[in-house]
Amino acid sequence: MKKLLITVIAASALSSTAFAADFGVVLQPAPAGYIAPATDWTGFYAGIFGGVTSGPFDFSLVPPAGPSVLDVTVQGGGAVGGAQIGYDVQLNQFVLGLVADIAVSNHRAGASLTSGPNTADIETRLTYLGTVRARAGYAFDDVLAYVHGGLAYGHTETTATVNGVDAALGLTNPDRVGYVVGAGFEYQVSENISLQTEYSYTGFRDESILAIGGGNLNQALSFHTVKAGVNFRF
């Protein structure tokens with residue numbers, strides 16, 4: 001009886017297939033579920049960004065011989081805004097890239113000293129900031145987590161007044177060179193647009209801003225930056 005039942009079922013299946021074929025119907029297996037392609041980070045991009053800064057200006061008075069005789073730290077802060085361009089290469093889940101940016105800056109610090117009827121004011125400001133960096137990250141599909149580091153450069157200007165009268169005679173405004181390191185995240189909202197948030201620590205080496213009796217008044221600058229931006233990828 002069981003053999004007869006199996007034979008009938010098999011015959012019915014074959015006859016159904018033949019019947020469908022007679023009417024030009026071709027039976028196909030059900031398609032597998034659609035899998036969207038993974039995000040590819042390889043390519044050029046350009047973007048704009050803005051952020052805030054916080055960090056001190058350090059002043060030291062260094063005589064012709066011997067260690068500094070005066071060290072003063074003045075806390076500073078401000079904002080930056082600029083543009084960047086870069087290129088990434090994705091290798092499996094790892095992403096390697098280069099990026100260069102340039103920004104205007106109003107990161108500044110000031111101090112005021114009063115002695116009797118006299119008041120002296122000094123202010124120093126970072127006027128622009130540029131970096132050339134490498135970055136390395138890990139892609140979680142459309143989210144990229146990365147670290148970065150490289151060269152930083154900029155320009156500082158210092159002004160001084162006594163009782164409202166310019167007293168900046170002899171002060172120099174040097175170009176600055178240093179380093180930058182940090183980390184960030186980037187998220188691709190579409191094939192051509194990504195959003196980015198990034199932290200950086202920037203340090204510039206000591207530079208003399210005033211010669212005093214054979215010695216120098218040196219200025220060092222280091223600060224933190226948190227910024228957000230949008231990149232256009234192509």
Side-chain angles (χ1 to χ4, degrees), residues 48-84 99-134 148-183 198-227 229:
I48 56 176
F49 62 86
V52 294
T53 60
S54 177
F57 289 83
D58 296 312
F59 297 90
S60 56
L61 183 59
V62 182
S68 62
V69 296
L70 176 66
D71 293 288
V72 177
T73 297
V74 182
Q75 185 64 31
V80 293
Q84 64 184 4
V99 57
D101 61 50
I102 188 73
V104 295
S105 167
N106 73 343
H107 180 79
R108 68 179 67 199
S112 181
L113 301 175
T114 301
S115 177
N118 300 311
T119 300
D121 295 287
I122 185 170
E123 181 181 86
T124 188
R125 179 168 67 96
L126 179 69
T127 60
Y128 74 85
L129 173 66
T131 72
V132 179
R133 295 169 286 137
H148 65 91
L151 173 74
Y153 60 95
H155 181 78
T156 54
E157 293 184 354
T158 302
T159 59
T161 61
V162 176
N163 296 329
V165 178
D166 184 15
L169 183 65
L171 285 173
T172 60
N173 298 310
D175 293 327
R176 315 303 295 257
V177 177
Y179 66 92
V180 58
V181 294
E198 186 176 272
Y199 163 79
S200 300
Y201 177 82
T202 305
F204 289 121
R205 65 187 183 190
D206 282 8
E207 295 286 354
S208 174
I209 62 171
L210 182 64
I212 305 176
N216 292 285
L217 177 62
N218 290 345
Q219 179 194 74
L221 168 61
S222 60
F223 56 93
H224 307 273
T225 305
V226 177
K227 65 183 184 183

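Because the structure is a prediction, the values reported are computed rather than measured.
Taking Glu123 as the reference, Arg108 meet the side chain to side chain donor-acceptor pair (under 3.5 Å) condition, with sequence neighbours excluded. With sequence neighbours excluded, no residue forms a side chain to side chain donor-acceptor pair (under 3.5 Å) with Asn173. Take Val99 and apply the side-chain contact (heavy atoms from CB on, under 4.5 Å) test, not counting sequence neighbours, and it matches Tyr45, Gln84, Arg133. With sequence neighbours left out, Asp58 forms a side chain to side chain donor-acceptor pair (under 3.5 Å) with Thr73. Residues meeting the side-chain contact (heavy atoms from CB on, under 4.5 Å) test with Tyr199, sequence neighbours left out: Tyr201, His224, Val226.
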Would you tabulate the side-chain donor-acceptor contacts of residues 202-213 under 3.5 Å, counting partners in other chains and residues two or more places apart, or write 'none'?
| residue | atom | partner | partner atom | Å |
| --- | --- | --- | --- | --- |
| Arg205 | NE | Glu207 | OE2 | 3.3 |
| Ser208 | OG | Asn216 | OD1 | 2.9 |

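At a threshold of 4.5 Å between non-hydrogen side-chain atoms, the residues Leu129 and Phe223 count as touching. Annotation: side chain of Tyr128 is in contact with side chain of Ile102 (closest heavy-atom distance under 4.5 Å).
For Leu151, the CG atom sits in a packed shell: over 12 heavy atoms of surrounding residues, nucleotides or ligands are nearer than 6.0 Å.
Taking all atoms of both residues into account, the shortest heavy-atom contact from His107 to Gly76 is CE1-C, 3.7 Å. Across every non-hydrogen atom of Val74 and Gly110, the tightest pair is CG1-O, 3.5 Å. Taking every heavy atom of both residues into account, Ala103 and Val80 meet most closely at CB-CB, 4.3 Å.
Panel note: side chain Thr127, backbone His155; a donor-acceptor pair is recorded below 3.5 Å. Remark: side-chain polar atoms of Ser105 are paired, donor with acceptor, to backbone N or O of Leu126 under 3.5 angstrom.
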Please test His148 against Thr131 for side chain to side chain contact (heavy atoms under 4.5 Å, CB included), starting from the C-alpha separation and ending with a verdict.
CA-CA 11 Å; His148 65 91; Thr131 72; over 6 Å; no
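With values rounded to the nearest 0.5 angstrom, Phe59 atom CZ is found 7.0 Å from Leu217 atom CG. To the nearest 0.5 Å, atoms OH (Tyr179) and OG (Ser222) are separated by 7.0 Å. The CZ atom of Phe57 sits 9.5 Å away from the CZ atom of Arg125 when rounded to the nearest 0.5 Å.
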